Protein chains: 2
Amino acid sequence: MSNPEPPNGDEVDAITEAVLTASRLLVGVSARSVAAVAGPITLPQFRLLVALGSRGPLKLVSLAEMLGVNPSTATRTVDRLVTAGWAERKSNPDSRREVTVGLTPAGRDLVDRVTDYRRSEIAAIVERIPHEDRAGLVQALQAFTEAGDEPPPRASPYDAGLTKWE
Amino acid sequence: MSNPEPPNGDEVDAITEAVLTASRLLVGVSARSVAAVAGPITLPQFRLLVALGSRGPLKLVSLAEMLGVNPSTATRTVDRLVTAGWAERKSNPDSRREVTVGLTPAGRDLVDRVTDYRRSEIAAIVERIPHEDRAGLVQALQAFTEAGDEPPPRASPYDAGLTKWE
DNA sequence: GGGCAAGAGTTGCATTATGCAAGTGTGATG
DNA sequence: CATCACACTTGCATAATGCAACTCTTGCCC
C-alpha cells in the first residue's frame, strides 16, 4: 500500500484475475486425471491414498487430520480401501493402541498412474505454449508459489491438488 | 517433437513441475475460501449455486450436465437448496416438462461472498510477489490458459475452481 | 502398585451425496 | 391419435461425514 510504482492496485488486480482463470483450468486437469485413471475408486478414497503415498504409512489419527476429516470417517474409508486391496492396516508394536495404515503395491501403483497422467496432461498444455511465452513462466510461477507458501504455515493437506473441497 | 530449440523436453518438464506446484497452492486457496465463508453449506450444494451464478437460471438437466452428476442427484440437491432458501424452482411457461432453477438473493449473496474472499486471498499472495517477478506473470498465465483452453472444447464445469472432485 | 485422565480407534446414528433403474408427465412426429 | 423421446422424480443401495458413546492403552501421580 506504499509502493513507489504508479500502477499498483491495477497490476495486482490483473494478476489476480489471470491466476483465478488459470486456477480453474488446473483444477479441471486434476479432476479429469483422477476420473480417467482411477475408475472404480471414489475421490475421498483416492485422497486418502495420496496422503499415504506422500507421507508414508501413518497412524489413523494423523491421516484423518491431514485429510481434514473426522477419525471415524477415516476409519471407515480405510476399511473400504483395505477391502479393495489398496491399503493395509499394520499394528504398531510400540504402541498397541495405534494403528498404522500404509499403501499396498496396488495402491501405490494407482496413485502413481494418476500422478503421471496429470503430469502428462499439464505437459501437453505446456507444449502448446509459444516458446516466447515460456521463458517467464517458470520464474513467475515459482515467485507465485513462494509468495503463497509463506503465510499459511500449516502443512499441506492439498497435495496432489486434491482437497476435501476442490 | 520437431522443434529447432535445443533444450525442449527439459523446458517442458520444468514448467510442468512449476505448474503442478502452483496448482496445489491454488486448489488450497479455493478450498479455504468456501470453508471460511460458506459455513453450513456442503460443497456439492455450493457447486450448484456457483453454476447457477455463472450461467444464470438453468433447467435441471443442464445443471446436472454442467456439474457432471446424475439428474436425480441434481434434483435432490436442488430440493435442499430450495429448503435452505438459496435457490428456487420456477416452472417454465413454454414447456411444462422443464423446471428452471435460479438463485434467490440469499443464494447470490453467498456465492458473491465466497468469490470475493477467494479473490482477496489470491490478491494477498500476489502482493507478496516481488515487483520484478510480476511482469511476466500475467502474460505467462494468459499463455498457459489459452494453451489449455483450446483442446478441451467442452464447456467449463470448473468455474469457481470447484469440480466434482477437487 | 492402584487409580485416573488422556489418547487412539471403532461403532451407532442421522444426514447428505450419488448412480442406476423404474415410473410419471409432456412434447414432438408421423 | 399412437408413439417415442425428453425432463424430471422417486425408490433403492452404497459411500461420505460428523458427533457422541464406548473400549483399550498409555502415561502419570500418589
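For the numbers below, each heavy atom of this structure counts, side chains included, while hydrogens, waters and symmetry mates do not. Remember, it's a predicted structure, so these values are computed and weren't measured experimentally. Residue numbering restarts at 1 for every chain, and letters A, B, ... go by the order of the sequence lines.
Take Leu103(A) and apply the side-chain contact (heavy atoms from CB on, under 4.5 Å) test, not counting sequence neighbours, and it matches Leu49(A), Leu52(A), Arg108(A). Applying the side-chain contact (heavy atoms from CB on, under 4.5 Å) rule to Pro93(A) yields no partners; only residues at least two apart in sequence or on another chain are considered. Not counting sequence neighbours, the partners of Asp79(A) by the salt bridge (Lys or Arg N to Asp or Glu O under 4.0 Å) test are Arg89(A). Every residue was checked against the side chain to side chain donor-acceptor pair (under 3.5 Å) condition with Thr104(A), not counting sequence neighbours, and none meets it. For Asp109(B), the salt bridge (Lys or Arg N to Asp or Glu O under 4.0 Å) test picks out Arg113(B), with sequence neighbours left out. With sequence neighbours left out, Asn70(A) forms a side chain to side chain donor-acceptor pair (under 3.5 Å) with Ser72(A). Take Arg96(B) and apply the salt bridge (Lys or Arg N to Asp or Glu O under 4.0 Å) test, not counting sequence neighbours, and it matches no residue. For Pro105(B), the side-chain contact (heavy atoms from CB on, under 4.5 Å) test picks out no residue, with sequence neighbours left out.
Atom pair Asn70(A):CG and dT15(C):P shows a separation of 17 Å (rounding to whole Å applied). In this structure, Leu49(B) places its CG atom 11 Å from P of dA17(C), rounding to the nearest Å. Glu65(B) has its CD atom 12 Å from the P atom of dC6(D), to the nearest Å. Residue Asn92(B) contributes atom CG, which lies 13 Å from atom C1' of dC8(D) at whole-angstrom precision. With rounding to whole Å, Leu67(B) atom CG is found 12 Å from dA17(C) atom C1'. At whole-Å resolution of the value, CG in Leu43(A) and C1' in dT18(C) are 13 Å apart. Rounded to a whole Å, the CD atom of Glu98(A) is 12 Å from the P atom of dT10(C). Separating the CG atom of Leu63(B) from the P atom of dA7(D) is a distance of 14 Å, rounded to the nearest angstrom.
Side-chain proximity of Val99(A) to the nucleotides dG19(C), dT10(C), dA17(C) is greatest for dT10(C).
For dT16(C), neither phosphate oxygen OP1 nor OP2 lies less than 4.0 angstrom from any side-chain nitrogen or oxygen of Gln45(B). Dashed line: the shortest gap from a side-chain N or O of Lys59(B) to OP1 or OP2 of dC8(D) is not under 4.0 Å.
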Table of protein N/O atoms under 3.5 Å from nucleotides 23-25 of chain D N/O atoms:
from	atom 1	to	atom 2	distance (Å)
dT25(D)	O2	Arg97(A)	NH1	3.1

May I have the step-by-step check of side-chain contact (heavy atoms from CB on, under 4.5 Å) for Val69(A) and Thr77(A), ending in yes or no? CA-CA 11 Å; Val69(A) 300; Thr77(A) 302; over 6 Å; no
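Checked by distance alone, Ser72(B) brings a side-chain donor or acceptor within 3.5 Å of a matching partner on the base of dC20(C).
Val61(B) and Leu63(B) fall into different hydrophobic clusters, defined by Ile, Leu, Val, Met, Phe, Trp and Tyr side-chain heavy atoms under 4.5 Å apart, directly or through other members.
For the helix from dG1(C)-dC30(D) to dG30(C)-dC1(D), the angle separating the two terminal helix axes comes to 0°, with each axis derived from five pairs and the value rounded to 10°.
With values rounded to the nearest 0.5 angstrom, Trp86(B) atom CH2 is found 12.5 Å from Leu48(B) atom CG.
For the segment residues 73-84 of chain A, residues with any heavy atom less than 4.0 angstrom from an atom of DNA chain C are, sorted by number, Thr75(A), Arg76(A).
Residue pairs meeting the salt bridge (Lys or Arg N to Asp or Glu O under 4.0 Å) criterion with at least one member in residues 97-107 of chain A, sequence neighbours excluded: Lys59(A)-Glu98(A).
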